[in-house]
Engineer: 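First, the structure itself, so that you have it in front of you.
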Amino acid sequence: MSSFFLTTAIDYVNSRPHLGTAYEKITADVIARYHRLKGDGTWFLMGNDEHSQNVFKRAQEQGKDPLAYCDEMEQIFREVWRGLDISFDDFIRTTDRRRHFPAVQRMAQACLDNGDIYEGTYEGFYCVGCEEFKPEKDLVDGLCPIHKTKPEWIKEKNWFFRLSKYQQPLLKFYEEHPSFIEPEVRRNEILRFVEGGLEDLSMSRAGQSWGIPLPFDPTSVVYVWFDALINYAAAAGYGWDDAQFARRWPANLHIVGKDITRFHCVIWPAMLMSAGLPLPGQVFGHGWVFFKGERMSKTMGNIVDPLDAAKRFGPDPLRLYLTKEVVYGADGDFTWERFEEKYNADLANNLGNLVNRVAAMSERYRQGRLLARGGESLATIAADATSAYRKAMDGLALHEGVAAAYRLISAANEYIAETQPWSLAKDPAKAEQLSGVLYDASEAVRIAAVLLLPVMPSSAAEILRRLGDTTAPGNLRFDTAAAWRASGERGILNAGALWPRLEDKGAITVSETTPTAASGSPAPAPAAPAAPSAPVAPPAPDAPAIDSDKITIDDFMKVQLKVAKILEASNVPKSKKLVQLKVDVGEAEPRTILAGIAESYQPEQLVGRTIVVVANLKPAKLMGIESNGMVLAASPEGGGALLLNAEPAVPGTRVR
RNA sequence: GCCGGAGUAGCUCAGCCGGUUAGAGCGAGCGUCUCAUAAGCGCUAGGUCGGCGGUUCGAGUCCGCCCUCCGGCACCA
C-alpha cells in the first residue's frame, strides 16, 4: 500500500468561503477519495490561515479577541466543508500552538542554522496604511501606490530569507522533476520568473503580537507567508512529532490556486531546501471558477454560496458539475442555468433514470433477485471505461475521469434499448436471456457507481446499496470493486427517483447578492435521498463590520474633486493602459493627467468630455511623464473603466 | 510592450508525430420503443476549423505575418 499526502491551500478567514474556495476543496476531495479507493494510505490536509494583519484588524473592528474571531470562523468553514462532504483527515490552523508554532520555529531555526536567515537593519519605507514595508521600486514619487501617502522611513530590525541563493538549485530541481509544477502553463510562468532572478525576502516583522515569535528574536514575529506555508509540514509532525513527520513527509500533492503557485513552487521549496527537508511531489495550480463569465467578488455582489446548491440537492450535483464541466487546471464557469441543465441531463435523465429502470425491471421481472454471469459487450466497455478512468484520475484529469464513467452509463442505457428486456419478458422461452440482460445492466451501473464514488460519495454509495452491494463504501477497493463480477447473486432495491427532474426552466432561483439569505422560491425538488442526513443550516455569520471603514466628512473634504474638461488626449508610447490627458480644471494652465483607461477609451473618444478629477493629488511620474491628478472612473471587477460624466458642469467646479 | 496560452458546429470542448466524407457532450428539430424521472434509443445540425500568405502530392494539424481573447511581468496616481 502506498501513501498519499495531499493538501489544499489554507484559507484566509476574512469572510465565509465562496464557490471558488469550495471548488478547490471539492476537487482535492475527489482526488483524496480516489486515492482512498485505490487503497492508498491517504492523508488529506486543509486548514485556515490566521496570522494576517487583516484578520487581526477584522477582529478588532468587531471588538473581538483575534483568536476568538478565528475560532468562530473555523466553525463557519467547517460547516461549509461538512455541507460539501469534504473528507479532510486533518485541519490545521496557523494559531495552533501545539503543532504549528513549534514547526514554524523549528524551520526558522533550521534556515538560520543553515545560514539562510540573516539580520538586516531594514531601513525602508513603511506605509502605515498598508502596514507593510514598501520596496523602493514600488513607490511612485515617494508615495505609497495604494494610499498615496508618504511612507515613513523606518529603521527596523528585520530578518531576511536568502531566497536568492536558491535560484540555481530550484531551476535544477524543476528540470529534474518536470511534473513538479502542473499544469504546464503555470510551470512556464514559474520558470521564467525564477530565471529572471530572485531577491531575498523579509521574513519577520518587529513589534507585533499577532504572529509566531522568532526563536532567536522574540521581539519579532514570523511574517505571514513564511508562517503560512509551513502549515503543511506542521500538520505532518514537523517540530513536534518527528516519527510521524518521517512517515508523512513529503506531501505528494499541493493543490493551490493559480494565484499562489509562485509561493508554493519557489519560496516553499527553497525553504525546505534550506531546512534540509524533502520537497513535495507536485504543486497543482488550478484555475478559477467564474460566475457567468465574471470573477466572483464581494464588490460585484456575485458571490455564489456553495451551500445554496448543497442545501437543495445535497453536495453531489455541485461536486459533479465542478469536476465534470471544468477542465481541471483551466478556468471554468458556473451559472445556475447550466447547473440545472447538467443536473437534468447527467443526473435525472441518465444516471438516475438508469438506476431506476434497472431496479424497476429487476423487481417486476425477477422479484429483485439477479444471478451473476460473465457479461458480454457491456463487460468490455466497462473494462475500457475503468482503465480510461484510472489513467485520467492518476493524471489529475478529473473531468476525463468522470467522462469515462459516463461513457459506461450511456452504454448501459443503449444496451437496454437494444436488448429490450420488456420484450424478452413476454416470451417465457427467453427467461434466461432476460436474467442475463438485467444482470449485465445492473453490473454496468454498479461499476459506474464505483467510478463515481470519489465525485459523488453519498449518491454513489446509495446506488451501490440499491444494487445490493453491502460493502461499506470505505472498504471498497478499486481493483476489485471496479472489476466485472461474474458470480454471485444480488438483491436489487427499487427505491424511487434519486434525482427528480427539474421541470421548470429557471427552477433554481438563488439570490446572488445575499448568499446566506434563504431563497423564497418553492423547493423544486426534495433533497436526494442519498444526501447526508444532516441538512446544512449555516449560522448567519456576523456581517462584515463596515462601520469602522467609514470616514468622516472631514476626511472626505481633504479630497478635492473638480470638474474638468479634456482638451487633448493621446496614448502614452509603449504603454498598454495609460492615456495622457490635457485637462482644463478651471485654472490658468491646463494640467497633464495620466489615466489608466487606454484599454477602454480611444484618445479621440475622450477629447471634449467633461469629467471629474482629483485635483489635489501629489504629482507622480509614470512612464517618464508627470501626472498632476487623477480621473475618476468606475472600474468593474472584470476590467475596463467607465469615466464619470460631469456634463454640463463648468470646469473647475468643486464636486462634493 | 515583452513572455506564455488560446481562437474548431447555438453552448462546452476532442482532434497525437500533416493524409479518405472534421468529431463528442449539452441544447434544438424529427422519428421510435415503453422498463424508467414526458426519461431512454435512433436520425438530423450542412461549422470559411480567427484572417492572409507560404511549405507540401496533400494542412485545424507545420512556417511567417496580422486580428481577437486570456494569463504572467513592466507603467493602471
Side-chain angles (χ1 to χ4, degrees), chain A residues 137 139-141 143-148 183-193 195-196 258-259 261-262 285 287-288 290 324-327 330-333 335 337-338 341-342 344-365 399-400 403 406-407 409-410 412-425 434 437-438 441 494 496-503 525 572-579 593-600 613-614 617-633 635 639-641:
Chain A
K137 71 177 178 72
L139 296 180
V140 177
D141 242 34
L143 301 182
C144 165
I146 297 166
H147 293 84
K148 334 291 183 221
E184 202 167 337
V185 205
R186 306 273 90 84
R187 178 179 156 84
N188 292 338
E189 266 172 34
I190 297 294
L191 284 179
R192 263 173 282 121
F193 174 75
E195 282 161 1
K258 63 183 184 181
D259 55 333
T261 46
R262 189 180 292 180
W288 307 128
F290 296 99
K324 187 167 187 271
E325 290 308 293
V326 181
V327 175
D331 292 339
D333 197 42
T335 67
E337 293 73 21
R338 187 84 177 147
E341 254 176 39
K342 300 311 293 180
N344 274 341
D346 294 335
L347 292 172
N349 296 353
N350 275 300
L351 180 55
N353 183 235
L354 173 63
V355 171
N356 219 25
R357 64 200 301 214
V358 168
M361 286 190 284
S362 300
E363 183 181 54
R364 184 193 286 200
Y365 303 136
H399 55 293
E400 286 180 20
Y406 263 84
R407 280 201 295 278
I409 291 166
S410 289
N413 269 323
E414 290 165 30
Y415 177 79
I416 292 172
E418 280 166 23
T419 54
Q420 303 188 16
W422 51 91
S423 301
L424 299 175
L434 172 61
V437 163
L438 290 178
N494 185 17
L498 281 158
W499 298 281
R501 255 183 84 81
L502 305 175
E503 292 303 343
V572 174
K574 302 184 77 171
S575 167
K576 189 162 87 178
K577 297 179 179 174
L578 292 177
V579 175
I593 292 182
L594 293 179
I597 54 174
E599 291 171 308
S600 301
V613 302
V614 180
L617 203 60
K618 286 185 183 173
K621 218 173 214 179
L622 293 168
M623 299 298 281
I625 301 166
E626 189 172 273
S627 178
N628 292 284
M630 168 183 175
V631 306
L632 294 192
S635 36

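In what follows, every heavy atom counts, from backbone to side chain, and hydrogens, waters and symmetry copies are set aside. All chains are named by letter (A, B, ...) in the order of the sequence lines, taking the proteins before the strands, and each is independently numbered beginning at 1.
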Engineer: Assign Arg187(A) to base, sugar-phosphate, or nothing according to its heavy-atom contacts below 4.0 angstrom with the strands shown.
Structural biologist: nothing

Engineer: Under 4.0 Å, counting only non-hydrogen atoms across every strand here, what does Leu594(A) touch: a base, just sugar-phosphate, or nothing?
Structural biologist: sugar-phosphate

Engineer: For G4(B), give its Watson-Crick or G-U wobble partner with both distances under 3.5 Å, or none.
Structural biologist: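 Answer to the pairing question: C70(B), which forms a Watson-Crick or G-U pair with G4(B).
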
Engineer: Please compare Gln420(A) and Ile409(A) by the position of their nearest nucleotide in RNA chain B and report the one closer to 5'.
Structural biologist: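 Going by which nucleotide is closer to the 5' end, it is Gln420(A).
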
Engineer: Nearest to the Asn353(A) side chain among C41(B), A39(B), G4(B), which nucleotide is it?
Structural biologist: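 Between C41(B), A39(B), G4(B), the one nearest the side chain of Asn353(A) would be A39(B).
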
Engineer: For atom C1', what is the distance between G51(B) and G4(B), given to the nearest Å?
Structural biologist: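 Nearest-Å result for G51(B) against G4(B) at atom C1': 22 Å.
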
Engineer: Could you let me know what C43(B) is paired to, Watson-Crick or G-U wobble, both distances under 3.5 Å, or none if it's on its own?
Structural biologist: G29(B)

Engineer: With both distances under 3.5 Å as the test, what is the Watson-Crick or G-U wobble partner of C16(B)?
Structural biologist: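 Check on C16(B): unpaired, no WC or wobble geometry under 3.5 Å.
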
Engineer: Measure CZ/Arg357(A) against P/G40(B) and give the value in whole Å, please.
Structural biologist: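 Value for this atom pair: 9 Å.
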
Engineer: Please classify the nucleic acid contact of Ala348(A) as base, sugar-phosphate, or nothing, using heavy-atom distances under 4.0 Å.
Structural biologist: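 Base contact - Ala348(A) has a heavy atom under 4.0 Å of at least one base atom.
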
Engineer: For C52(B), give its Watson-Crick or G-U wobble partner with both distances under 3.5 Å, or none.
Structural biologist: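 Because both required distances fall under 3.5 Å, C52(B) counts as paired with G64(B).
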
Engineer: Report yes if some heavy atom in the side chain of Met361(A) is under 4.5 Å from a heavy atom in the side chain of Leu434(A); otherwise report no.
Structural biologist: no

Engineer: Pick the nucleotide of RNA chain B nearest each of Leu578(A) and Glu414(A); which residue has the one closer to the 5' end?
Structural biologist: Glu414(A)

Engineer: Classify Tyr365(A) by what it touches in the nucleic acid, base, sugar-phosphate, or nothing, heavy-atom distance under 4.0 Å.
Structural biologist: sugar-phosphate

Engineer: For the C1' atoms, the ones on C62(B) and on C2(B), what distance do you get once it is rounded to whole angstrom?
Structural biologist: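 Here C62(B) and C2(B) have their C1' atoms 25 Å from each other.
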
Engineer: Would you mind classifying the nucleic acid contact of Ala595(A) as base, sugar-phosphate or nothing, using non-hydrogen atoms under 4.0 angstrom?
Structural biologist: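 Contact class for Ala595(A): sugar-phosphate only.
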
Engineer: So, is Arg192(A) near the phosphate of C3(B), with a side-chain N or O under 4.0 Å from OP1 or OP2?
Structural biologist: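 So the side-chain polar atoms of Arg192(A) never come under 4.0 Å of the phosphate oxygens OP1 or OP2 of C3(B).
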
Engineer: In whole Å, what separates the P atom of G5(B) from that of U48(B)?
Structural biologist: 27 Å

Engineer: So if I take every side-chain heavy atom of Ala345(A) and compare against G72(B), C26(B), C75(B), which nucleotide ends up nearest?
Structural biologist: C26(B)

Engineer: Could you check how far CH2 of Trp422(A) sits from P of C33(B), rounded to whole Å?
Structural biologist: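 Result: 11 Å.
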
Engineer: Give Asn413(A) one of three labels, base, sugar-phosphate or nothing, depending on what nucleic acid heavy atoms sit under 4.0 Å from its own.
Structural biologist: sugar-phosphate

Engineer: For the C1' atoms, the ones on A28(B) and on A45(B), what distance do you get once it is rounded to whole angstrom?
Structural biologist: 9 Å

Engineer: With no hydrogens and no angle check, do the side chains of Arg501(A) and Asn353(A) hold a donor and an acceptor under 3.5 Å apart?
Structural biologist: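 Side chains of Arg501(A) and Asn353(A): no pair found under 3.5 Å.
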
Engineer: Under a 4.5 Å cut-off applied to non-hydrogen side-chain atoms, are Ile416(A) and Val358(A) in contact?
Structural biologist: yes

